[in-house]
Number of protein chains: 2
Amino acid sequence: MTIQEAPVARRDRLSRARVLQAAMALADDGGIESLTMRRLGEELGVGPMALYRHVANKDDLIDAMVDVVFGEIGVPSFNGDWKSAMRDRAIGVRHALLRHRWAIGIMESRANPGPANLQHHDAVIGCLRAGGFDIAMAAHAYSVLDSYIYGFAATQKNLPFTAEDAGEKAETMLQPFAAGAYPYLTEMLADHIMQPGYDYGDEFELGLDLILDGLDERIRRAR
Amino acid sequence: MTIQEAPVARRDRLSRARVLQAAMALADDGGIESLTMRRLGEELGVGPMALYRHVANKDDLIDAMVDVVFGEIGVPSFNGDWKSAMRDRAIGVRHALLRHRWAIGIMESRANPGPANLQHHDAVIGCLRAGGFDIAMAAHAYSVLDSYIYGFAATQKNLPFTAEDAGEKAETMLQPFAAGAYPYLTEMLADHIMQPGYDYGDEFELGLDLILDGLDERIRRAR
DNA sequence: ACCTGAACACCGTTCAAGT
DNA sequence: ACCTGAACACCGTTCAAGT
C-alpha cells in the first residue's frame with residue numbers, strides 16, 4: 001500500500017563541488033566579506049558544521065576557489081609569438097579578476113597554490129622560455145607582468161574617483177580641492193578622469209604594451 | 001597630613017593620536033588581522049568601547065593609519081629630472097610597504113583618501129607635469145607606476161617559494177614537481193629562485209626601470 | 001558516512017549608565 | 001567629557017551525539 005520512498009533519498013547531497021560552487025556564487029555577488037561559513041551553510045540548506053566534512057577550513061575553501069579561477073583562465077597558447085601570447089594571457093587574467101572581484105588581493109597571495117595555479121604559471125614560464133627568454137629574463141618578465149596585472153586590478157577595485165560617484169563625493173571630500181589645495185590632482189580629475197569618454201580600465205592595455213615593448217627590447221638587446 | 005594627589009590625574013588619557021599609534025604598532029607586528037578593537041583597547045588599558053570616542057569605527061581608524069603611512073612617504077622632490085624623482089618615490093613607497101606590511105592591499109583600495117594621500121598624489125602628478133607629461137600621459141604614467149609598485153608588494157608578500165621555507169614546502173607541495181608535472185616552474189625554482197644569491201626583492205628595480213624607460217621613450221616620441 | 005546541537009572563544013558596535 | 005557594563009548580532013571551529 002505504501003509507495004516505496006523515492007530512491008533520491010536526499011535530493012541534494014553535499015559535496016566539495018557543490019560547496020565550492022555555492023561559495024563562488026556568494027563571493028561573486030556579495031564580495032569576500034559576505035562569504036561566511038554560516039551563510040554558506042544556509043545557502044546549501046545545512047548547518048555551518050556540515051561544511052567541515054568537505055573543506056578543512058575556510059582557508060582551504062578559499063584556496064580551492066582561487067584554483068577554480070586559475071582553471072577558468074587556463075594556460076596561454078604559444079604559437080611562436082611570446083608577445084601576443086603574454087598579451088592575451090594578461091587580458092585573460094584581468095577579465096577573470098573582473099568576473100571574480102573578490103579574488104583581487106587574494107589570488108596573488110595564497111600560501112598554497114593549487115594545481116591549476118601551478119599549471120598556469122608553468123605554461124607562462126614555458127611560453128617565455130620558448131620565446132627566447134633565458135631563466136633570469138623569464139623571472140624578470142614574470143615578475144613585472146604579474147605585479148602590473150594584479151596591481152592594476154587592485155588600484156582599480158576601489159578607485160576613489162569614478163564618473164559615477166563623482167556627484168556624492170564632490171559634496172564632502174572634494175571641498176579642499178575647490179580651495180586649490182591639490183591643484184594638479186584637481187586638474188587631472190576635472191579635465192581628464194571625469195570627462196565623459198574616460199574609462200580607467202582603458203589604461204590597462206597602455207601600461208601592458210609599455211611593459212611588453214620594454215621586455216621585447218631587452219630580449220633583442222641580449223641576443 | 002594627606003599628600004595632595006599628583007596632578008597627573010589620569011596618567012595617560014586617551015587621544016586619537018595615542019589610539020592611532022597603538023593601532024599601528026599592533027598591525028606592524030601582528031598583521032592587520034591582529035588589529036581588533038578589543039585588543040587595541042586592552043593595549044591602551046581601556047575597554048573596546050572607549051575607542052569609539054576617538055574614531056568613528058574600525059574603517060575610520062584604518063583610513064587614518066593609511067594616511068600616516070602616506071605621511072611617512074612624503075612628497076617626491078622634483079629637481080628637474082622627473083625620472084629620478086619618480087624612481088626615488090617608487091622606492092620610497094616600497095620601503096614604506098615593507099615597514100608596514102599590513103598596508104599592502106589596504107593602501108591602494110581605501111574609499112576615503114586622507115590629506116597626506118591626496119597631497120602625495122598631487123605632488124606626483126605635479127612632478128610628471130613639470131617633467132613634460134601632458135594630462136593624458138601623466139595619467140598613464142601614474143597608472144602604470146602605481147599598479148606596478150602595489151602589485152609587486154602584493155605578489156611578494158606571500159610568495160609561496162622563498163629560500164627560507166623551501167625545506168618544509170618541499171616535503172608536501174613539491175611532490176608533483178619531482179614527477180615532472182611542472183618542468184618550467186621546477187627549473188626556474190631549482191636553478192634560479194632558490195639559488196643562494198637570489199632575492200626576489202631585487203626584481204623590483206629591474207621592472208621599475210623598464211617602466212621608467214618606456215615612459216621616457218613615449219615622452220620623447222610625443223615631443 | 002554524513003549531518004546536527006550545543007558550545008567555545010572570539011568579533012564590531014550600540015547605548016544607557018556612571019563619574 | 002570621557003569611560004564602563006551589559007548586551008546584540010555576528011564570526012570560525014570543535015566535538016560529542018544522532019541517524
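Not measured: the values here are computed from a predicted model. In the text below, chain A, chain B and the rest are named by the order of the sequence lines, each starting its count at 1.
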Please tell me whether E187(B) and H192(B) have a donor and an acceptor in their side chains that are separated by less than 3.5 angstrom.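 On atom types as modelled, these side chains do not qualify, holding no pair under 3.5 Å.
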Would H54(B) and R18(B) count as having a side-chain donor-acceptor pair, cut-off 3.5 Å?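 On atom types as modelled, these side chains do not qualify, holding no pair under 3.5 Å.
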Strictly below 4.0 Å, N to O, side chains only: are D122(A) and R129(A) in salt-bridge contact?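 No, this pair does not count.
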Length of the line joining [X]:[atom1] and [N]:[atom2], which is rounded to integer Å:
X: L44(B); N: dT4(D); atom1: CG; atom2: P; result: 11 Å
X: L51(B); N: dT4(D); atom1: CG; atom2: C1'; result: 12 Å
X: E42(A); N: dC3(C); atom1: CD; atom2: C1'; result: 17 Å
X: E33(A); N: dC10(D); atom1: CD; atom2: P; result: 15 Å
X: L14(A); N: dC3(C); atom1: CG; atom2: C1'; result: 9 Å

Please answer whether the main-chain N or O of [Y] pairs with a side-chain N or O of [X] as donor and acceptor at a distance below 3.5 Å.
X: S147(B); Y: V144(B); result: no
X: D67(A); Y: N117(A); result: yes
X: Y148(A); Y: I149(B); result: no
X: K58(B); Y: L35(B); result: yes

Separation of the P atoms in dA9(D) and dA9(C), to the nearest angstrom: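 Their P atoms lie roughly 22 Å apart.
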Give a yes or no on this: more than 12 heavy atoms of other residues, nucleotides or ligands lie within 6.0 Å of atom OH of Y184(A).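 At most 12 heavy atoms, drawn from other residues, nucleotides or ligands, come within 6.0 Å of this atom.
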Pairs under 3.5 Å (N/O, protein and nucleotides 16-19 of chain D):
none

Could you tell me if the ring centre of Y142(B) sits under 6.0 Å from that of H121(B)?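 When the ring centroids of Y142(B) and H121(B) are compared, they turn out to be within the sub-6.0 Å range.
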Check whether any side-chain nitrogen or oxygen of H54(A) sits under 4.0 Å from OP1 or OP2 of dC2(C), and answer yes or no.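 So the side-chain polar atoms of H54(A) never come under 4.0 Å of the phosphate oxygens OP1 or OP2 of dC2(C).
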Distances under 3.5 Å only, N/O to N/O: pair up the protein atoms with those of nucleotides 12-15 of chain D.
residue	atom	partner	partner atom	Å
dG12(D)	OP1	M37(A)	N	3.2
dG12(D)	OP1	K58(A)	NZ	2.9
dG12(D)	OP2	M37(A)	N	3.0
dG12(D)	N7	R38(A)	NH1	2.4
dG12(D)	O6	R38(A)	NH1	3.1
dT13(D)	OP2	Y52(A)	OH	2.8
dT13(D)	OP2	K58(A)	N	2.9
dT13(D)	O5'	Y52(A)	OH	3.3

dG12(C) pairs with, by Watson-Crick or G-U criteria that keep both distances under 3.5 Å: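 Result: dC8(D).
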Would you mind pulling out the nucleotide paired to dG18(D), Watson-Crick or G-U wobble, both distances under 3.5 Å?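 Pair assignment: dG18(D) / dC2(C).
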